[in-house]
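Working notes for the structure below.
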Number of protein chains: 2
Amino acid sequence: MGNQKLYKGSLQTIILQLLASNEKMYGYEITQKVKELTKGELNITEGALYPALHKLEADGLLDVEVANVGNRLRKYYKLTENGSKETANKVSEMQEFLRTMQHLVNPKFSLE
Amino acid sequence: MGNQKLYKGSLQTIILQLLASNEKMYGYEITQKVKELTKGELNITEGALYPALHKLEADGLLDVEVANVGNRLRKYYKLTENGSKETANKVSEMQEFLRTMQHLVNPKFSLE
DNA sequence: TTTTATGCATAAGAATTTTATGTATATATT
DNA sequence: AATATATACATAAAATTCTTATGCATAAAA
């Protein structure tokens, strides 16, 4: 069930970015969306996801809204104002990392 | 002195890739080379580097050769045969990660 | 009726890093 | 001459972030 391919530290940014383009999402939905977008390459485990969501909420980057669908519980998360700012920061930091890694791994390649 | 931008799990790959293009290097040299190649964006700390080198050696991916330069100690590392194979694997895994992240972070962008 | 999917959660352990030290020599600066 | 900076190794404690293993519960499918 492992991941192998998720570098540690990138999960928060992934969650924030998904919420930047989807308005509101619940946990299980996020795991499915990531699986879909990455064609099964990234599998966000619940043991990583839920603590990450709780931390983002505690840090004031996400708001939560509980909903009952049928007889099941869902917790919808959406970006706060502060969360939107932080998303922009974290995404561009990751872009920077991606460029840096490209330079290290393939010095002849440049995204610019 | 922190890094902020080094995702956990990428250090081994960085070291291996540097050694794939530089034949042999010693620890301090690696820290300086990374700083140079990334224009100061990535700072490999010694507390991360040396244990990582020792682990790569223990795993049979690196050979070490001690040298005295002036009156100072240097430990030159180079890839073993097995290390070269593993480098190729880890580098393409990272390339895969870079592509995947690009899709998540900027779905309109593709490296292919 | 048993498995799979949906949906949340937490705890123990592993892996990888940061931060803080420690030792020592060489060179540059005041 | 004294002090700071650069070079060069190393380790240990703490923090971070994940995996793996559980647990609970409802709904749908086999």
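Chain letters run A, B, ... following the sequence lines, proteins first and then strands; every chain starts at 1.
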Could you tell me the separation between the [atom1] atom of [X] and the [atom2] atom of [N], rounded to a whole number of Å?
X	N	atom1	atom2	result
A:L42	D:dT17	CG	P	17 Å
B:K55	D:dT11	NZ	P	15 Å
A:M94	D:dT17	CE	C1'	13 Å
B:K90	C:dT16	NZ	C1'	12 Å
B:L49	D:dA10	CG	P	9 Å
A:I15	D:dT17	CD1	P	12 Å
B:L11	D:dC18	CG	P	17 Å
B:N68	C:dA24	CG	P	16 Å

Problem - Atom pair CE/CG of A:M25 and A:L62 - distance to nearest 0.5 Å - result: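 Reported value, rounded in 0.5 Å steps: 12.0 Å.
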Handout entry: From CZ (A:F97) to CG (A:L104), nearest 0.5 Å
Key =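 One finds 9.0 Å between CZ of A:F97 and CG of A:L104.
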Looking only at heavy atoms, which two atoms of [X] and [Y] are closest? And how far apart?
X	Y	value
A:K78	A:E23	CB-O, 3.2 Å
A:T38	A:V34	OG1-O, 2.8 Å
A:S10	A:L6	OG-CD1, 3.3 Å
B:A52	B:L11	CB-CD2, 4.0 Å

Exercise for the section: Ignoring backbone atoms, test whether B:N71 places a side-chain nitrogen or oxygen under 4.0 Å from the OP1 or OP2 oxygen of C:dA24. Expected result: no
Practice task
Using both distances under 3.5 Å as the test, list the Watson-Crick or G-U wobble partner of D:dA30, or none.
Solution key: C:dT1
Exercise for the section: Give the cluster check for B:L73 versus B:Y77: same hydrophobic cluster or not, with ILVMFWY residues linked at side-chain heavy-atom distances below 4.5 Å. Expected result: no
List, with names and distances, any nitrogen or oxygen atoms from the protein found under 3.5 Å away from nitrogen or oxygen atoms belonging to nucleotides 5-10 of chain C.
{"from": "C:dT6", "atom 1": "OP2", "to": "A:Y28", "atom 2": "OH", "distance (Å)": "2.1"}
{"from": "C:dT6", "atom 1": "O5'", "to": "A:Y28", "atom 2": "OH", "distance (Å)": "2.9"}
{"from": "C:dT6", "atom 1": "O2", "to": "A:R72", "atom 2": "NE", "distance (Å)": "3.0"}
{"from": "C:dG7", "atom 1": "OP1", "to": "A:R74", "atom 2": "NE", "distance (Å)": "3.0"}
{"from": "C:dG7", "atom 1": "OP1", "to": "A:R74", "atom 2": "NH2", "distance (Å)": "2.9"}
{"from": "C:dG7", "atom 1": "OP2", "to": "A:Y26", "atom 2": "OH", "distance (Å)": "2.8"}
{"from": "C:dG7", "atom 1": "O3'", "to": "A:L73", "atom 2": "O", "distance (Å)": "3.4"}
{"from": "C:dC8", "atom 1": "OP1", "to": "A:K75", "atom 2": "N", "distance (Å)": "3.0"}
{"from": "C:dC8", "atom 1": "OP2", "to": "A:G27", "atom 2": "N", "distance (Å)": "3.4"}
{"from": "C:dC8", "atom 1": "OP2", "to": "A:Y28", "atom 2": "N", "distance (Å)": "2.6"}
{"from": "C:dC8", "atom 1": "OP2", "to": "A:Y50", "atom 2": "OH", "distance (Å)": "2.9"}
{"from": "C:dC8", "atom 1": "O5'", "to": "A:Y50", "atom 2": "OH", "distance (Å)": "3.4"}
{"from": "C:dC8", "atom 1": "N4", "to": "A:E46", "atom 2": "OE2", "distance (Å)": "3.0"}
{"from": "C:dA9", "atom 1": "OP1", "to": "A:H54", "atom 2": "NE2", "distance (Å)": "3.4"}
{"from": "C:dA9", "atom 1": "OP1", "to": "A:K75", "atom 2": "NZ", "distance (Å)": "2.6"}
{"from": "C:dA9", "atom 1": "OP2", "to": "A:H54", "atom 2": "NE2", "distance (Å)": "3.2"}
{"from": "C:dT10", "atom 1": "OP2", "to": "A:H54", "atom 2": "ND1", "distance (Å)": "3.4"}

Practice task
Please work out if A:S10 contacts a base, only the sugar-phosphate, or nothing of the nucleic acid, heavy-atom cut-off 4.0 Å.
Solution key: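 Answer is sugar-phosphate: A:S10 comes under 4.0 Å of backbone atoms only.
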Problem - No-H, no-angle donor-acceptor pair, B:K8 side chain to D:dT16 base, under 3.5 Å - result: yes
